[in-house]
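For reference, the structure is listed below as structure tokens.
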Amino acid sequence: MTGGNGQKPVEERIGVYVCHCGSNIAGMVDVQEVAEWAASRLKHRGVVIGRDYKFMCSSLGQELIEKDIKELGLTRVVVAACSPHLHEKTFRTACERAGLNPYLCELVSIREQVSWVHTDRVAATSKAKAIVSGGVERVIYHAPLQPLRVPIHPATLVVGGGIAGIQAALEIANAGYPVYLVEREPSIGGHMAQFDKTFPTLDCAACILTPRMVEAGTHPNITLLTWSNVEKVEGYVGNFTVTIRKKARKVNTDLCTGCGICQEKCPKKVIDEVYEAGLGYRKAIYTPFAQAVPKYPVIDVENCIYFEKGTCKACEKFCPTNAIDFKQEDELLTVQVGNIILATGYDIFDARKISNYGYGRLANVFTSLEMERMCNAAGPTNGQIVLRDGKTVPKAVGIIHCVGSRDRNYNNYCSVICCMQSLKFAHLVHERTGAVVYNFYIDMRTPFKDYDEFYQRILEEGTLFVRGKVAEVTDAARLPGEEGKLIIQAEDTLAGKQRRIPVDMVILSVGLEPRRDAKEVAKLFGISCSANGWFTERHPKLDPVATMTEGIFIAGCAQGPKDIPASVAQGAAAAARVLGKIQQREIELEPVRASVNQAQCSGCRICNGLCPFNAIAFHEDRMVSEINPALCQGCGTCVAACPAGAISGTGFSNEQILAQIDGLLLLNIGEEAIA
Amino acid sequence: MTNETFEPIIIGFTCNWCSYRAADLAGTSRLKYPPNIRLIRLMCSGRLDPTFVFKALANGADGVLITGCHPGECHYLEQNYKALRRFHLMRRTLKGLGIEPERIKLVWASAAEGVKFAAEAAAFVEEICALGPLQWGKPREEPSHREIEEVPA
Ligand SMILES: Cc1cc2nc3c(=O)[nH]c(=O)nc-3n(C[C@H](O)[C@H](O)[C@H](O)COP(=O)(O)OP(=O)(O)OC[C@H]3O[C@@H](n4cnc5c(N)ncnc54)[C@H](O)[C@@H]3O)c2cc1C
Ligand code: SF4
Ligand code: SF4
Ligand code: FES
């Protein structure tokens, strides 16, 4: 292993450019001194010019560099300015314009890492010199790189058929490109299909969702694969090979007309934990709801009497088109796609975890999702808001916000939609039962368009708001008037006292959580999850639907809690990103990649298992490993691990880093390192 | 070697995605920490070859700060766990060489943790000040306290 430290004869002609950034850098660092120091003390390291300038990133600053490249024949450029995350691209492009390979430019930060964080001008100037010296040593070992070009397959895989996934699929399909939309439930629609009304406009969820579902189901460019799971993903951006398991419906969809007779005749009732949130029933052969897309039912073999006992076949007997096929098997499909959008949504917080709110123990404590089903005219109570007995109309109802959210014991984050959903319930309960409604909130969060107006409206309707965290919901009556009621014990932080409010019904506005299998799904597609478990975006502000893995995008609640408009916007945004790639036909990838020097590779295979992207393949015949540059994302783990030193990384080679260490320690000027 | 005049030199490794951005954020937030730390940007903490650390210490650094994304947040899935394993290995090696393992430190910092980055950097400078200069490879005038206290493993 060779380091910098003068071991490589310096034939380069290096230009050093020190930026004032107005007074941002110049106020704490003697920039002129740094530039002059580099020109004189690092002359033997190839520095032929050192300049300082007020704003290096301005067009005049860039022209200065371009002119020097042309006139002085510079072969390397070091810019000491702000963070490379801001202007690396700017200076690389400037070099390119002047005919220098853009990867022969190194930007070192003396603003974020020096002038803004230090207070002693002398020490800050010394440190800036050391940083410039590190950059000079590193840049000597830079190699000219060419971006990798890969072709983009025009088809796209969308995983999850909630509103976000539907939107993404439609956008791409309408642009004329093929989409595979994979949904694991029997129908697309996601959570939105369970709702009655949607805030803040209170338009009926089915009325706005059903047309979209039908459009997705009938679109000539969309292959809809429901009751299906993605099993394997291979390849890389532009060229993924995806294996999908199409579970056996046990219904021949070529024959089935969706008449529903089988569901009527099936004798086996099952509690529907998914679509009805446990509040209603379905049959063993079922479509989750009447407007399901596709219209074909599935047989839930775990609950089907025939699969359990070998007799029954009522569905088969009554099916007018002979569509029931008990022998139907799972199908494995392999499809080629260029990009993938994950829109797998959320699960709700399990309210049983907060035992003092009594969910699962006290009959008349409901979750928000149960409430949605109850309000829905097609739901288990035909839209009647009643107690668990199915008939008693409540006279007083308590709605508790933030259940499982903004709570250190469960989820620290705000679930975004719970305040609005609680206000929606307050309205619906009020309208349909005339009951007195109490909303218990910690802070009211109604930030988006027309949301606060909705809150004002609910206030005017007479809903009572208690600010404070609910300590307990109990059926233990202590005071007169509490018998047979649920008592909500809460601290009213506005009135500054404890309150006990008796009600007939409690609704828990449970928070949103990552899907229970989010980690496995992330692993399957080679992306990561945040500490809270949501899929991680490439940048929280500037790149919210891309991920660190090229070609994999995320949309909707899979990325974090959000409402329907934001989920739709992300679905469309992810589609736009994919379409951009498809239309380029070919894309350029950053050439920051690892490669194996096959002559040096000992065939130990240590690197094989280390790569998170399975980029390293082993050739049994030649007993050497090889890295697929389109799969490699350049993390460098294999480079650090190879015992034979056979793997090198472009842009982050051992030589580059060791040289930078020596430069930072000022070994290059043979001086006792200065602090 | 009195600690009042001793200004240690510390090499810091950051990953491109979280901890480098934490350092950026410390800057944009104008947080202050001592100027003894000089950073090197790697793509990921998983890139950290132990050679880098030993070379830095052998060539004049008094301490090495290794930083990366929080466990579970590495942008290359879980390469920072590999960094964690290497970190423990390096500490053991240092101990075997008779060098205080505390001269290397591992800190996880997310892109939002500028405050943590600045605080950890400042704390590490103090810790290294307390240990005194390393002077690896230089002849020592007198046995230092660590040779008396630490028994190589
Ligand atoms: C009680 C309640 C009321 C709400 N009311 C409103 C409202 O009135 N207005 C509003 O704007 N927002 C409301 N919201 C928020 C709204 O539900 C979400 O914003 C929206 O549904 C998110 O859509 P999505 O497509 O991201 O996720 P989802 O709706 O969760 O859809 C994800 C889909 O992906 C499928 N899937 C998951 N994993 C996989 C996998 N591995 N493979 C294949 N398929 C998979 C799921 O089966 C599902 O169909 C409410 C939320 C709750 C809990
Ligand atoms: S076989 Fe019987 S139990 Fe099974 S789906 Fe058909 S009707 Fe229902
Ligand atoms: S650098 Fe990282 S991503 Fe690339 S092959 Fe090596 S381990 Fe895989
Ligand atoms: S990218 Fe930060 S530790 Fe891996």
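Just so it is clear: chains get the letters A, B, ... in the order the sequence lines come, proteins before strands, and each one is counted from 1. The structure presented is a predicted model; accordingly, all values stated were derived computationally and were not measured.
Residue A:V108 does not touch chain B at all, counting heavy-atom pairs closer than 4.5 Å. For a residue to count as touching a neighbouring chain, one of its non-hydrogen atoms must lie under 4.5 Å from one of that chain's; by this rule B:H75 touches chain A with backbone and side chain alike. If you measure heavy-atom distances from B:K32 to chain A, the contacts under 4.5 Å come from both the backbone and the side chain. Using a 4.5 Å cut-off between heavy atoms, B:L39 touches chain A through backbone and side chain atoms alike. The part of B:C74 that comes within reach of chain A is its backbone (N, CA, C, O), which places non-hydrogen atoms under 4.5 angstrom from that chain. Only the backbone of A:I527 comes within less than 4.5 Å of a heavy atom in chain B; its side chain stays farther off. Interface residue B:L42: only side-chain heavy atoms are found under 4.5 Å from chain A. Interface remark: A:D120 contributes no atoms to any contact with chain B (heavy atom separation under 4.5 Å). With a 4.5 angstrom heavy-atom cutoff, A:A522 does not touch chain B via any of its atoms.
Inter-residue side-chain proximity for B:F54 and B:M90 is flagged as met; some heavy-atom pair is nearer than 4.5 Å. Taking 4.5 Å as the limit, every side-chain heavy atom of B:V107 sits out of range of all side-chain heavy atoms of B:S19. A heavy-atom distance below 4.5 Å is found between the side chains of B:V64 and B:L57.
Ranked by non-hydrogen atom pairs under 4.5 Å with chain A, the options B:L31, B:I40, B:I37 are led by B:I40. Your options are B:R21, B:E78, B:M43, and the one with the most heavy-atom pairs under 4.5 Å with chain A is B:R21. Taking chain A as the reference chain and counting heavy-atom pairs below 4.5 Å, the highest number among B:A26, B:P34, B:S29 is found for B:P34. For the set A:Q656, A:K523, A:H539, A:E88, the entry with the most heavy-atom pairs within less than 4.5 Å of chain B is A:E88. Ranked by heavy-atom pairs shorter than 4.5 Å toward chain A, the options B:C44, B:A83, B:S110, B:G46 are led by B:G46.
Between atom OG1 of residue B:T14 and atom CG of residue B:L48 there is a gap of 10.5 Å, rounded to the nearest 0.5 Å.
B:N16 and A:H85 share a donor-acceptor pair across their side chains, judged by distance under 3.5 Å alone.
A salt bridge links A:E33 with A:K129: the closest approach of a Lys/Arg side-chain nitrogen to an acidic carboxylate oxygen falls below 4.0 angstrom. Salt-bridge annotation for B:R86 and B:D49: absent, with no side-chain N of the basic residue lying under 4.0 Å from a carboxylate O of the acidic one. Note on A:R138 versus A:E655: no salt bridge recorded, every NZ/NE/NH1/NH2 to OD/OE distance being 4.0 Å or above.
When all heavy atoms of B:S45 and B:G68 are compared, the closest pair comes out as CB-CA, 4.2 Å.
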